[in-house]
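As structure tokens, the structure follows; a few thoughts come after it.
This structure is a prediction, so every number in the text was calculated from the model and none was measured.
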Amino acid sequence: MLKTPCLKGLMEAISDKYDVPFDKIGKIFKKCKKGILVNMDDNIVKHYSNEDTFQLQIEEVGGSYKLTLTEI
């Protein structure tokens, strides 16, 4: 659950739940069922439904973390 439905709120929730340093989170991507990968922003986060299910992939790249949310 997000306190605020925006990209910062998503970053805070992931940081709290998975112990990823907030200031080290770089890009967050969304990969849809068709395989299209997009860079997430506030608008995309707002359009997520409470019932949407996704898998979270966390990769360390050059001292920051790249997060990919893949719809399942």
Side-chain angles (χ1 to χ4, degrees):
M1 296 295 293
L2 302 180
K3 294 177 187 173
T4 55
C6 63
L7 188 59
K8 183 179 178 187
L10 176 62
M11 291 169 62
E12 289 171 347
I14 291 171
S15 177
D16 291 344
K17 184 162 183 102
Y18 297 103
D19 201 28
V20 176
F22 179 82
D23 59 338
K24 297 268 185 179
I25 296 175
K27 297 278 187 179
I28 300 181
F29 297 95
K30 173 188 171 190
K31 188 173 189 178
C32 70
K33 291 179 182 177
K34 294 180 180 181
I36 299 170
L37 187 69
V38 295
N39 189 15
M40 291 188 73
D41 59 16
D42 288 340
N43 194 36
I44 293 172
V45 174
K46 286 178 189 173
H47 285 93
Y48 257 119
S49 166
N50 285 339
E51 297 167 8
D52 286 344
T53 306
F54 54 87
Q55 179 180 12
L56 175 64
Q57 179 181 3
I58 302 172
E59 298 176 69
E60 189 172 2
V61 179
S64 66
Y65 292 92
K66 172 185 159 191
L67 311 177
T68 305
L69 303 173
T70 303
E71 292 181 347
I72 53 174

Summary of salt bridge (Lys or Arg N to Asp or Glu O under 4.0 Å) pairs that have at least one residue in residues 2-20, sequence neighbours excluded: none
Residue pairs, two or more places apart or on separate chains, that pass salt bridge (Lys or Arg N to Asp or Glu O under 4.0 Å) and touch residues 57-72: Lys30-Glu71, Glu59-Lys66
Same apolar cluster: Ile36 and Val45, side chain cutoff 4.5 Å: yes
Same apolar cluster (I L V M F W Y, side chains within < 4.5 Å links), Leu2/Phe29: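 No.
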Phe54: partners by ring-ring contact (aromatic ring centres under 6.0 Å, His included), with sequence neighbours left out: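 Only Tyr48 meet the ring-ring contact (aromatic ring centres under 6.0 Å, His included) criterion with Phe54.
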Distance (rounded to the nearest 0.5 Å) between Ile58 CD1 and Leu69 CG: 9.5 Å
List the atom pairs, with distances to 0.1 Å, where a side-chain N or O of residues 37-44 and a protein N or O form a donor-acceptor pair under 3.5 Å, not counting sequence neighbours.
residue	atom	partner	partner atom	Å
Asp41	OD1	Asn43	N	3.2
Asp41	OD1	Ile44	N	3.0
Asp42	OD1	Leu7	N	2.8
Asn43	OD1	His47	ND1	3.4

Qualifying residues under side chain to side chain contact (heavy atoms under 4.5 Å, CB included), relative to Ile14, sequence neighbours excluded: Leu10, Tyr18, Leu56, Leu67
Closest heavy-atom pair and its distance - Ser15, Ile25: CB-CD1, 4.4 Å
